[in-house]
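Note sheet for the following structure.
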Amino acid sequence: MWFQETSKRKQIGVFDNMLNETVENELQQNIDMIRTITGNSTDIVIREFLLGQEQEIPAGIFFVGGMTDEEMIQKLLVQSATQLTIPSSYSREDVLAYICKKIATAGKVKRIKKWHELFLALMSGEAILLIDGVAEALSMEARGGEYRAIEEPSTQLSIRGSREGFTESLATNIAMVRRRIQNPYLWLESIKIGEVTHTNVSIMYIKGIASDEVVEEVRNRLQRICMDGILESGYIEQLIEDKTFTTFPTIYHTERPDSVAANLLEGRIAIFMEGTPFVLIVPALFIQFFQAVEDYYARFDIATALRFLRVLVFFISLIAPSAYIAMTTFHQEMIPTQLVIAVAAQRESVPFPAFVEAMMMEVTFEILREAGVRLPRAVGQAVSIVGALVIGQAAVEAGFVSSAMVIVVSITAIASFATPSFAIAISARLIRFLLMILAALFGFYGILIGIILMTLHLCSLRSFGVPYMAPMAPFISTNVGDTFVRFPMWALKERPHLINQTNVVRQGSNQRPKPTNELEKEGDNH
């Protein structure tokens with residue numbers, strides 16, 4: 001466990017010196033200390049009882065209400081401790097060691113001497129046992145409390161595949177992945193990040209498949225994080241990414257356990273965090289954001305067609321408004337004669353140039369989309385639908401915009417929704433405005449310049465040292481079968497080379513399906 005002790009890091013609070021001291025040997029002093037540090041908080045439960053049957057020793061158990069399994073504490077810890085038969089010859093220190101061995105039902109039991117270790121365990125949901133006359137404490141695994149039940153993920157729906165989605169419980173999320181990869185080489189390492197929050201963060205990888213250099217880089221970047229609190233995986237994503245000034249995501253996030261398992265098998269590393277259903281996956285490639293988990297559950301020809309469609313709708317959402325601006329402003333000769341006459345007739349009453357018209361409609365639609373997201377679900381859907389219909393129709397009738405522009409903006413919006421990853425879709429939404437400006441200034445030449453600059457920028461990106469555009473740039477022929485196209489499953493013999501350069505073979509030879517000789521002969525006879 002690669003864990004930096006709190007005493008080695010910056011402490012925050014007025015009791016810093018007290019936290020670095022050792023636990024007292026008097027129970028009442030320890031109780032007073034806990035109440036003082038926690039401000040006598042009402043959710044800190046303190047239960048005093050007598051330990052043992054023959055030799056009755058004052059003891060106390062401490063835990064945070066709502067974060068622990070109180071039934072387990074009462075039945076398995078308190079009752080077990082009170083019914084222990086402790087020999088009268090045992091000293092108080094011997095009693096502590098005796099309890100460590102006897103209370104095996106409590107799971108992980110750890111001895112603690114420093115106050116900062118005690119409070120770290122207490123606030124993590126563990127139960128703390130203190131015995132009068134012993135300057136040491138026991139922390140016992142008793143985490144519990146209420147969590148959201150496992151449900152179907154709302155952001156990554158699939159027609160075929162698992163209906164399980166991650167929850168806010170770190171232990172539950174890890175268990176869902178372990179059920180899919182039942183291998184002892186599936187390793188997990190944990191760290192606490194946040195000087196105030198002490199958030200539990202874990203990294204998961206398959207030893208022997210994941211690159212040791214990338215795993216070490218993930219460790220180093222997480223250990224460098226030093227801030228008050230980490231409340232969501234988005235905090236970590238912004239603090240460990242390779243390049244900050246880019247609209248494109250260089251870290252993939254998902255709330256599907258089967259997606260995490262598939263990426264682990266390719267040699268990637270998953271980063272889990274307590275309190276969020278989104279798991280980060282590194283390294284991430286550009287083409288990864290156009291792939292859906294159900295691509296691997298369907299036939300290769302269907303999956304390939306869907307991937308082509310996703311790439312197409314991405315480019316439509318990227319350049320559709322700018323192409324309309326360029327054609328109506330500079331390149332009318334590229335439009336068929338009948339169509340250009342119809343468009344010109346519609347725009348005759350519009351007082352604004354095409355760029356202003358497109359910008360007004362795009363900004364209006366972004367406002368409606370944001371309002372639909374922030375409002376309650378039932379109200380938000382009504383506002384989005386009614387607002388788009390009413391405003392669009394009223395704007396056309398008032399002569400502010402043309403019908404063709406409403407059609408272009410609608411197609412652009414639908415195309416952005418069809419992109420499987422929200423992170424890459426919102427990148428296209430931002431770049432779309434830049435391309436609209438270039439189209440208004442230079443026409444199709446401006447769009448071409450913008451796409452070239454975007455491509456150069458994409459080729460310059462890295463995700464934990466791996467080229468973002470791999471395996472297209474640099475070109476790796478053996479990995480092209482799982483990019484914009486998807487080869488049959490039996491043809492995907494190797495893992496992505498730049499992610500893992502040692503253990504690249506992931507299936508045996510001769511995996512192409514074919515009937516046995518007996519079945520062939522039987523078919524010939526019939």
Side-chain angles (χ1 to χ4, degrees), residues 156-164 176-186 204-211 214 252 254 256-270 281 283-312 314 420-421 466-467 469-526:
Q156 292 178 311
L157 300 176
S158 67
I159 298 173
R160 181 177 180 178
S162 171
R163 294 295 185 267
E164 286 185 335
M176 281 193 281
V177 178
R178 283 204 178 273
R179 290 193 191 103
R180 287 165 172 79
I181 305 178
Q182 299 178 15
N183 193 297
Y185 292 107
L186 181 62
M204 179 182 283
Y205 59 95
I206 301 177
K207 182 65 175 177
I209 295 180
S211 171
V214 178
Y252 188 77
T254 180
R256 294 188 63 93
D258 50 354
S259 179
V260 172
N263 281 279
L264 290 173
L265 290 171
E266 287 191 343
R268 292 184 173 90
I269 296 117
I281 296 175
L285 305 179
F286 177 73
I287 189 60
Q288 187 177 353
F289 294 92
F290 297 93
Q291 299 172 351
V293 67
E294 62 199 33
D295 290 352
Y296 301 93
Y297 305 153
R299 288 179 49 83
F300 73 96
D301 47 358
I302 298 173
T304 299
L306 291 176
R307 286 190 183 181
F308 270 120
L309 180 63
R310 293 183 197 122
V311 174
L312 175 63
F314 174 75
S421 173
V466 177
M469 292 299 291
M472 309 305 296
F475 183 75
I476 303 172
S477 59
T478 55
N479 293 148
V480 175
D482 193 16
T483 53
F484 298 107
V485 297
R486 207 218 84 190
F487 285 3
M489 193 64 70
W490 51 264
L492 302 176
K493 297 180 180 180
E494 298 182 355
R495 298 184 179 90
H497 279 221
L498 293 180
I499 295 176
N500 186 336
Q501 301 179 6
T502 54
N503 187 356
V504 296
V505 179
R506 58 179 165 189
Q507 62 177 269
S509 58
N510 300 323
Q511 295 298 305
R512 183 171 182 174
K514 59 182 179 180
T516 60
N517 294 331
E518 290 77 7
L519 291 176
E520 288 179 351
K521 292 177 181 179
E522 185 179 348
D524 292 338
N525 294 331
H526 286 292

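All values below come from the heavy atoms of this structure, side chains included, with hydrogens, waters and symmetry mates left out.
When all heavy atoms are compared, the tightest approach of Pro474 to Leu498 is CG-CD1, 3.9 Å. For Arg163 against Ser158, the heavy-atom pair with the smallest separation is NH1-O, 3.4 Å. Across every non-hydrogen atom of Val260 and Ala270, the tightest pair is CG1-CB, 3.8 Å. The two residues Gln291 and Asp482 make their nearest non-hydrogen contact at NE2-O, 3.1 Å. Closest non-hydrogen pair, Met204 versus Val177, comes out as SD-CG1, 3.5 Å. Glu294 approaches Leu157 most closely through the heavy-atom pair OE1-O, 4.1 Å.
Residue pairs meeting the salt bridge (charged side-chain N to carboxylate O under 4.0 Å, His left out) criterion with at least one partner in residues 497-507, sequence neighbours excluded, are Glu266-Arg506. Sorted by first and then second residue, the salt bridge (charged side-chain N to carboxylate O under 4.0 Å, His left out) pairs involving residues 493-504 (not counting sequence neighbours) form an empty list.
Residues Pro471 and Pro496 fail the side-chain proximity criterion, which asks for heavy atoms closer than 4.5 Å. Inter-residue side-chain proximity for Met472 and Phe286 is flagged as unmet; no heavy-atom pair is nearer than 4.5 Å. Side-chain contact between Ile269 and Val214 is present, with at least one heavy-atom pair separated by less than 4.5 Å. Within the 4.5 Å cutoff, no side-chain heavy atoms of Met469 are placed close to those of Leu285. No side-chain heavy atom of Ile206 sits less than 4.5 Å from a side-chain heavy atom of Asn183.
Rounding to the nearest 0.5 Å places OG of Ser421 at 10.0 Å from CZ of Phe314. Rounding to the nearest 0.5 angstrom, the gap separating the CD1 atom in Ile281 from the CG atom in Asn263 is 4.0 Å. To the nearest 0.5 angstrom, Leu492 atom CG is 11.0 Å from Thr478 atom OG1. The line from CG of Leu264 to CG of Leu186 is 6.5 Å long, rounded to the nearest 0.5 Å.
Under the salt bridge (charged side-chain N to carboxylate O under 4.0 Å, His left out) criterion, Arg299 pairs with Asp301, not counting sequence neighbours. Taking Ser211 as the reference, Glu213 meet the side-chain hydrogen bond (donor to acceptor under 3.5 Å, both in side chains) condition, with sequence neighbours excluded. Remark: Tyr205 engages no residue in a ring pair (Phe, Tyr, Trp, His ring centres under 6.0 Å) (not counting sequence neighbours). In this structure Phe289 satisfies the ring pair (Phe, Tyr, Trp, His ring centres under 6.0 Å) test together with Tyr252, sequence neighbours excluded. Leu312 meets the side chain to side chain contact (heavy atoms under 4.5 Å, CB included) test with Ile316; sequence neighbours excluded. By the side-chain hydrogen bond (donor to acceptor under 3.5 Å, both in side chains) test, Ser162 pairs with Arg180, sequence neighbours left out. For Asp258, the side-chain hydrogen bond (donor to acceptor under 3.5 Å, both in side chains) criterion is met by Arg256, Tyr297, not counting sequence neighbours. By the ring pair (Phe, Tyr, Trp, His ring centres under 6.0 Å) test, Tyr296 pairs with no residue at all, sequence neighbours left out. Under the side chain to side chain contact (heavy atoms under 4.5 Å, CB included) criterion, Leu309 pairs with Val313, not counting sequence neighbours. In this structure, the salt bridge (charged side-chain N to carboxylate O under 4.0 Å, His left out) partners of Asp295, at least two apart in sequence or on a different chain, are Arg307, Arg310.
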List the steps and the verdict of side-chain hydrogen bond (donor to acceptor under 3.5 Å, both in side chains) for Ser259 and Gln156. CA-CA 10 Å; Ser259 179; Gln156 292 178 311; 5.5 Å; no
Run the side chain to side chain contact (heavy atoms under 4.5 Å, CB included) test on Val480 and Phe475 for me, step by step, so that the C-alpha distance in whole Å, both residues' side-chain angles and the decisive distance to 0.1 Å come before the verdict. CA-CA 8 Å; Val480 175; Phe475 183 75; 3.5 Å; yes
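With ring centers used as reference points, Phe308 lies 6.0 Å or more from Phe484.
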